[in-house]
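Below is one structure, written out as structure tokens, with a few remarks after it.
Residue numbers start at 1 and run along the sequence shown.
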Amino acid sequence: LDSVLLLSSMNLPGGELRRRSAEDELAMRDYLQEGDLISAEVQSVFSDGAVSLHTRSLKYGKLGQGVLVQVSPSLVKRQKTHFHDLPCGASVILGNNGFIWIYPTPEQKDEEAGGFTTNLEPVPLSDREVISRLRNCIVALVTQQLMLFDTSILYCYEASLPHQIKDILKPEVMEEIVLETRQRLLDLEG
């Protein structure tokens with residue numbers, strides 16, 4: 001849905017409170033512009049279907065380097081938190097709207113930045129391979145209609161390790177790793 005992110009619903013870098021002046025409004029283009037990908041929380045949904053967003057917490061803000069995967073929202077499991085740092089070296093944001101953002105886990109959490117720093121350093125090959133493998137695992141889980149949450153993604157990632165990244169999308173490999181993932185999830189529940 002189209003939505004509105006008011007300037008008053010945002011924090012400046014470092015968590016600084018906004019002054020709400022004309023100069024402040026113009027300076028916001030230094031942080032966000034049209035076409036930027038952001039992580040935000042839905043503040044309210046109005047009766048006409050309009051949505052209001054906010055990025056008042058420092059965990060929200062502009063998304064930097066990573067990969068966006070769009071899936072059916074019905075396959076994203078609702079959880080208390082949708083931000084997950086996976087032990088494989090990457091992190092995922094599982095949006096209830098079906099948008100999944102996969103990115104390298106930052107070495108240090110920069111709480112001062114307030115979600116508006118953009119790291120333009122080259123992403124190491126090892127991180128790109130982990131992100132690509134996670135992306136292909138998510139595509140495999142979606143193709144086989146398995147719910148997406150941190151544990152299912154991690155189990156699928158681990159099941160895919162014997163295979164090359166490009167082979168994960170082959171139907172027979174996809175079926176094999178998703179079957180193993182499904183079995184591990186059943187063992188976890190049972």
Kindly give the heavy-atom pair with the smallest separation between [X] and [Y], and that separation in Å.
| X | Y | result |
| --- | --- | --- |
| Leu53 | Val51 | CD2-CG1, 4.0 Å |
| Ile168 | Cys137 | CG2-N, 4.2 Å |
| Ala90 | Val130 | CB-CG1, 3.8 Å |
| Thr181 | Ala159 | OG1-CB, 4.2 Å |
| Arg184 | Glu158 | NH1-OE1, 2.6 Å |
| Arg133 | Ile165 | NH2-CG1, 3.6 Å |

Side chains of [X] and [Y]: closer than 4.5 Å at any heavy-atom pair?
| X | Y | value |
| --- | --- | --- |
| Gln183 | Leu179 | no |
| Thr151 | Leu188 | yes |
| Phe99 | Leu63 | no |
| Val142 | Ser72 | no |
| His84 | Leu154 | no |
| Ser52 | Val42 | no |
| Gln65 | Tyr103 | no |

Do [X] and [Y] belong together in a cluster built from hydrophobic side chains that touch within less than 4.5 Å?
| X | Y | result |
| --- | --- | --- |
| Leu161 | Ile102 | yes |
| Val76 | Leu134 | yes |
| Ile177 | Leu86 | yes |
| Leu185 | Val71 | yes |
| Phe149 | Val69 | yes |

Reported [atom1]-to-[atom2] distance for the pair [X] and [Y], which is rounded to 0.5 angstrom:
| X | Y | atom1 | atom2 | result |
| --- | --- | --- | --- | --- |
| Lys77 | Ile153 | NZ | CD1 | 11.5 Å |
| Ile100 | Gln70 | CD1 | CD | 10.0 Å |
| Cys156 | Glu180 | SG | CD | 9.0 Å |
| Ser3 | His54 | OG | NE2 | 12.0 Å |
| Met174 | Asn136 | CE | CG | 8.0 Å |
| Arg135 | Arg128 | CZ | CZ | 16.0 Å |

Do side-chain atoms of Ser152 reach the backbone of Met147 as a donor and acceptor pair under 3.5 angstrom?
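Side chain of Ser152 to backbone of Met147, a donor-acceptor pair under 3.5 Å: yes, one is there.
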Between Glu176 and His163, does a side chain to side chain contact (heavy atoms under 4.5 Å, CB included) hold up when you go through it step by step?
CA-CA 11 Å; Glu176 175 191 328; His163 304 282; 3.3 Å; yes
Tell me whether the centres of the aromatic rings in Tyr60 and Phe83 are closer together than 6.0 Å.
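Aromatic pair counts; centres sit under 6.0 Å.
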For Ile138, run the side-chain contact (heavy atoms from CB on, under 4.5 Å) check against Leu148, Leu75, Val67 and tell me which one passes.
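It is Leu148, the one option of Leu148, Leu75, Val67 that forms the side-chain contact (heavy atoms from CB on, under 4.5 Å) with Ile138.
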Decide if atom CD of Glu175 counts as having more than 12 heavy atoms of other residues, nucleotides or ligands within a radius under 6.0 Å.
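12 or below, so no.
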